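Notes for the one structure printed next.
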Amino acid sequence: MPVFNHPDFDHHQQIVFGSDAASGLRAIIAIHDTNRGPALGGLRIYPYASEAAALTDVLRLSRGMSYKSAMADLPLGGGKAVIIADPRTEKTPALLRAMGRLVESLGGAYITAEDSGSSEADMQTIAEATAHVGGLRRASGESGDPSPFTAWGVFCALKSAVRHGLGRDDLEGLSVAIQGVGHVGAHLARHLHAAGARLVLTDVNQVALTHLAEELGAEPVAPETIFDAEVDVFAPCAMGAVLDESVVERLEARVVCGAANNQLATPAMAERLMARGILYTPDYVANAGGVIEIAWQRRDDYDRSAVMDHIEGIGTTLDELFARAAREEVSPALIADAMARERFGRC
Ligand code: NAD
């Protein structure tokens, strides 16, 4: 399994393979870049088909976190961790504590948090072995769930995208199709509803879909037809790689802005969207609200309104990014990558 010659190796500063015989831990931590500060990124627990698949995932995800933190103006670098295990059957307190010891051994260069397969309760267990954990329940008793903050950031991003892509400042009567009404998608739908938008929703979870559609007076549609919805904005809030060639050709929306990570199936899709006159909002800029809040938890002066102001800054960053993309006649995705690399000092 090549590491330094791996196609997703991007001069990651450190890649640590950890194991623990007693608990069965098999984990990889990748630290992509710490020029701006310690590498923050979630812990994904997933039954990867192979070690090579786990390595590919952790290399890509950790690199993405460097871009996300830099564009969110955080004093943080990019890292990520994966445990090769089925979170439903193999996640034990012993395994999580062993992971905590592995995180601790890096002396704070990597800070862990929730990701798919790991919960806030898991972070509490990991925190028994290391102080380098984010996404924990606050002293106020408020949940450590980052989703409401992510959703608020996507809402702010969407307002900027609508300004630049559709030339309008308010969301009254705007139509938005949301793919996925889980943790983030449902919060986003409520913000949009409150702002007067008309919603088309879908989810593979029929119960969640029906409930939210009834609550908001939204139109529920089947998952396969969401791309054909005659709307102004498409908001992918389910899974990655959703914008492939066929979806890009089908979209009726003129703006794409959502929470899902890695929305572009290939980098070339950014140009295809542009050629169709669709404004694409770079995902890692739009969905940074959660990581911004986790970063604030590390400060002694945590203040909810300051956190919300910081998250609203996503809209200002996008205003600059969209303007530069228009000036240089290139896709917003390309500009985001260039701006992020400038910010973490790898031009
Ligand atoms: P979630 O699992 O709570 O919600 C995802 C929803 O999408 C679920 O309701 C699921 O049923 C639905 N879904 C899955 N496949 C679908 C399909 N083919 N068609 C329609 N619906 C489908 O996850 P979440 O926390 O809301 O995150 C949503 C996305 O945003 C993910 O891609 C995640 O990586 C990304 N993200 C989340 C956060 C956060 O704070 N939670 C932060 C950054 C990025």
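The shown structure was predicted, so the numbers you read here are calculated from the model rather than taken from an experiment. Both counts, for ligands and for their atoms, begin at 1 and track the order of listing.
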Query raised in the report: Are side-chain N/O atoms of Gln13 and Thr34 paired as donor and acceptor at under 3.5 Å?
Result: yes
Query raised in the report: Any luck finding a side-chain donor-acceptor pair between Asn261 and Asn287 under 3.5 Å?
Result: yes
Query raised in the report: So is Gly240 polar-close to ligand 1, meaning N/O to N/O under 3.5 Å?
Result: no
Report summary line: Looking only at non-hydrogen atoms, the one of Asn205, Val154, Asp203, Val181 nearest atom 11 (O) of ligand 1 is Asp203
Requested in this report: Would you name the heavy atoms of Arg254 and Arg276 that are closest together and state the gap between them?
Outcome: NH1-O, 2.8 Å
Query - Protein heavy atom at shortest distance from atom 4 (O) of ligand 1 - result: Gly182 CA, 3.3 Å
Report task. Could you tell me whether ligand 1 has any atom less than 4.0 Å away from a heavy atom of Ala208? Result -> no
Query raised in the report: Nearest protein heavy-atom contact for atom 43 (C) of ligand 1: which residue, which atom, what distance?
Result: Asn287 O, 3.7 Å
Requested in this report: State plainly whether the residues Asp170 and Arg163 are in salt-bridge range, i.e. N to O under 4.0 Å.
Outcome: no
**Report entry** Ligand-side contact atoms (ligand 1) for residue partner Pro146, heavy atom cut-off under 4.0 Å
**Finding:** 40 (O)
Query - Of the listed options Ile226, Val291, Val204, Val221, closest to atom 14 (C) of ligand 1 (non-hydrogen atoms) - result: Val204
Query raised in the report: If you measure from the Lys or Arg side-chain nitrogens to the Asp or Glu carboxylate oxygens, is any gap between Arg324 and Glu320 under 4.0 Å?
Result: no
Query raised in the report: Are Trp152 and Phe155 close enough, and set up right, to give a ring-ring contact (aromatic ring centres under 6.0 Å, His included), and what steps lead you there?
Result: CA-CA 5 Å; Trp152 180 244; Phe155 180 69; 5.4 Å; yes
Query raised in the report: In the protein, what heavy atom is nearest to atom 37 (C) of ligand 1, and what distance, to one decimal place, separates them?
Result: Val184 CG2, 3.9 Å
Query raised in the report: Taking both backbone and side-chain atoms of Ala238, is any N or O found less than 3.5 Å from an N or O belonging to ligand 1?
Result: yes
Query raised in the report: Would you say atom 2 (O) of ligand 1 has a protein heavy atom nearer than 4.0 Å?
Result: no
Query raised in the report: Judging by distance only, is a nitrogen or oxygen of His183 under 3.5 angstrom from one on ligand 1?
Result: yes
Query raised in the report: Just checking, is any N or O donor in the side chain of Arg343 or Tyr67 under 3.5 Å from an acceptor N or O on the other one?
Result: no
Query raised in the report: What pairs with Asp57 under salt bridge (Lys or Arg N to Asp or Glu O under 4.0 Å), at least two apart in sequence or on another chain?
Result: Arg44
Query raised in the report: Quick one: nearest non-hydrogen protein atom to atom 28 (C) of ligand 1, plus distance?
Result: Cys237 O, 3.3 Å
**Report entry** Protein residue, atom and distance nearest to atom 18 (N) of ligand 1, heavy-atom basis
**Finding:** Met239 CE, 3.5 Å
Query - All pairs passing salt bridge (charged side-chain N to carboxylate O under 4.0 Å, His left out) where residues 96-110 contributes a residue, at least two apart - result: Asp20-Arg101, Arg97-Glu128
**Report entry** Shortest protein contact, atom 33 (C) of ligand 1 (heavy atom only)
**Finding:** Asn261 ND2, 4.1 Å
Requested in this report: Please report the shortest heavy-atom distance between Val242 and Pro236, naming the atom on each side.
Outcome: CG1-CB, 3.8 Å
Report task. Report yes if Ser147 has an N/O atom closer than 3.5 Å to an N/O atom of ligand 1; otherwise report no. Result -> yes
Query raised in the report: Is a salt bridge present between Asp33 and Arg346, judged by a nitrogen-to-oxygen distance below 4.0 Å?
Result: yes
Report summary line: of all protein heavy atoms, closest to atom 35 (C) of ligand 1 is Ala259 O, 3.3 Å
Report summary line: re atom 40 (O) of ligand 1, the protein heavy-atom contact at minimum distance is Thr150 OG1, 2.7 Å
